[in-house]
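Working notes for the structure below.
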Amino acid sequence: MNSYFGDKGTPTSLDARDTAALAPSAQQPLGAGASASVLPSASASVPLSPSASVSAPASSATPKATTKKSTTSAGSGGRCGLPKYPTKSCTGVPSGWKPKTTVGDLTITKSGTVISDYLVTGSIAVKAANVQIRRTRVYGTIDNYISDKVYGGLLIADTEVVNPPGQEFSDNSQYAFGVANYTCLRCKVVNRMEGWRVGAEGVTGSGTVTIKDSFAQLAIPPGLCQTGDPHGDGIQSYGGPTVNIVHNTIDQRLDDCPTAPIFIPDQGNAGGTVEDNLLAGGGYSMRLTGGSFPVVTGNKVVENTPGYGPAEVDCSKVGDWGDNAMVTFNFDTGAIIKEKKKIGDCG
């Protein structure tokens, strides 16, 4: 039996929307095909050689699933560490960043490759294990699920998926980061419909996903909800492995037809750990009904932003539940202004 925490009445911002628009069955299955580039490709796909100066991140290849309350400080996010939460200014490429290399679509085919300070005006297809992508800006998507195989051990750090200059919104419905056996640290998504995808459980190379100290502002182009109703998500798991979602800000207030900032439904998902996240918007901001959730603690939902309520949770699948609350929040500074009330009790 699911528990619905918060106002279960008529949604304040979705009163004309069919309830089915927020149902898990309305979500699109994971597609293995790559999306088209936002801009014409500046060059052909580029296979890269491993960096001679940086070793492959072997320790990030298959992070262990969390089975008890995390002992890792979620405040490791530098300037945005707890008690603050990630913002645009402390995620993605650093202030004053300039690319050293500019390419269109990029395909990485050699294990242990490290790229840094790239501007990719198309998408990155990762077709090798233990790749690192650092300090890179992408206008398309980053994907390591290619031709029914996951290329694992992928580390993405201080990297962002954003729109090209002069383009406020995107009609690209592809996820920004995906799909399995990857770690995303201090990543950023701005004005895209979808953030992170977790999927491909059971596929060769699949493994745990970790999303930490990252920021997403999701948005839908004006009018698209009336014609397409895309059901955007911040983090969506579909047939996904264990995912550790720790100390992220996911803001879905600019999506008028959302599903949720965190959406892990009963659709073949393993579940995971959801800890110390700041969430805004969605029908429910946190939907956890598929798999098992050893830890769901310290999550904050911004008051008056979800359409129905802060959370839809199957409490029979939750282990440690505590300190989840409704708050008021300063999105510029990443600081909680005031805690208003606790969110239910799965304890």
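- None of Asp251, Asp255, Asp256 except one satisfies the side chain to side chain donor-acceptor pair (under 3.5 Å) rule with Arg253; the exception is Asp251.
- Remark: side-chain polar atoms of Ser292 are not paired, donor with acceptor, to backbone N or O of Gly271 under 3.5 angstrom.
- In this structure, the side chain of Asn269 does not engage the main chain of Ile264 through any donor-acceptor pair within 3.5 Å.
- Paired with Val93 under the rule side-chain contact (heavy atoms from CB on, under 4.5 Å), one option of Glu160, Lys98, Arg134 passes, and it is Glu160.
- Within a 6.0 Å radius of NZ in Lys84, no more than 12 heavy atoms belonging to other residues, nucleotides or ligands are found.
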| request: Report the C-alpha separation of Asp276 and His247 in whole Å, then their side-chain angles, then the decisive distance to 0.1 Å, and conclude whether the side-chain hydrogen bond (donor to acceptor under 3.5 Å, both in side chains) test is met. | output: CA-CA 5 Å; Asp276 294 320; His247 191 235; over 6 Å; no
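- The closest donor-acceptor contact from the side chain of Thr305 to the backbone of Ala280 lies at 3.5 Å or more, if one exists at all.
- For Ile343 against Ala311, the heavy-atom pair with the smallest separation is CG2-CB, 4.3 Å.
- A donor-acceptor pair is defined here as one N or O able to donate and one able to accept, closer than 3.5 Å; no such pair exists between the side chain of Asp266 and the backbone of Thr289.
- Evaluated for a side chain to side chain donor-acceptor pair (under 3.5 Å) with Lys300, the options Asp323, Asn277, Thr328, Asn324 yield exactly one hit, Asp323.
- Judged by distance alone, the side chain of Asp233 and the main-chain N or O of Ile235 form no donor-acceptor pair under 3.5 Å.
- Not a single donor-acceptor pair under 3.5 Å links the side chain of Lys340 to the backbone N or O of Glu303.
- With hydrogens and angles ignored, the 3.5 Å screen pairs a side-chain donor or acceptor of Thr113 with a backbone N or O of Lys110.
- More than 12 heavy atoms of other residues, nucleotides or ligands sit less than 6.0 Å from atom NZ of Lys342.
- Nearest approach of Pro241 to Glu201, heavy atoms of both residues: CB-OE1, 3.2 Å.
- In this structure, the side chain to side chain donor-acceptor pair (under 3.5 Å) partners of Thr87, at least two apart in sequence or on a different chain, are Ser89.
- For Ser123 (side chain) and Gly140 (main-chain N/O), no donor-acceptor pair under 3.5 Å exists by modelled atom type.
- A donor-acceptor distance shorter than 3.5 angstrom exists from the side chain of Asn248 to the backbone of Ser214, with no hydrogens or angles considered.
- Between the SG atom in Cys225 and the NE2 atom in His231 there is a gap of 9.5 Å [rounded to 0.5 Å].
- Although no hydrogens or angles enter the test, the distance criterion places no donor-acceptor pair under 3.5 Å between the side chain of Asn299 and the main chain of Leu279.
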| Verdict with reasoning, Ser316 to Asp314, per side-chain hydrogen bond (donor to acceptor under 3.5 Å, both in side chains) | CA-CA 5 Å; Ser316 69; Asp314 186 341; 2.6 Å; yes
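- Between Thr91 and Cys187, the shortest heavy-atom distance links the atoms CB-O, 3.6 Å.
- Using a cutoff of 4.0 Å between basic side-chain nitrogens and carboxylate oxygens, Asp158 and Arg135 are not scored as salt-bridged.
- Taking all atoms of both residues into account, the shortest heavy-atom contact from Glu194 to Gly232 is OE2-CA, 3.5 Å.
- Ring pair Tyr85/Phe329 is perpendicular by interplanar angle, where above 60° counts as perpendicular and below 30° as parallel.
- Taking each heavy atom of Val313 and Met286 in turn, the nearest pair found is CG2-O, 4.5 Å.
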| Going through the distances and angles, do Thr297 and Asp320 end up as a side-chain hydrogen bond (donor to acceptor under 3.5 Å, both in side chains)? | CA-CA 7 Å; Thr297 61; Asp320 187 3; 5.4 Å; no
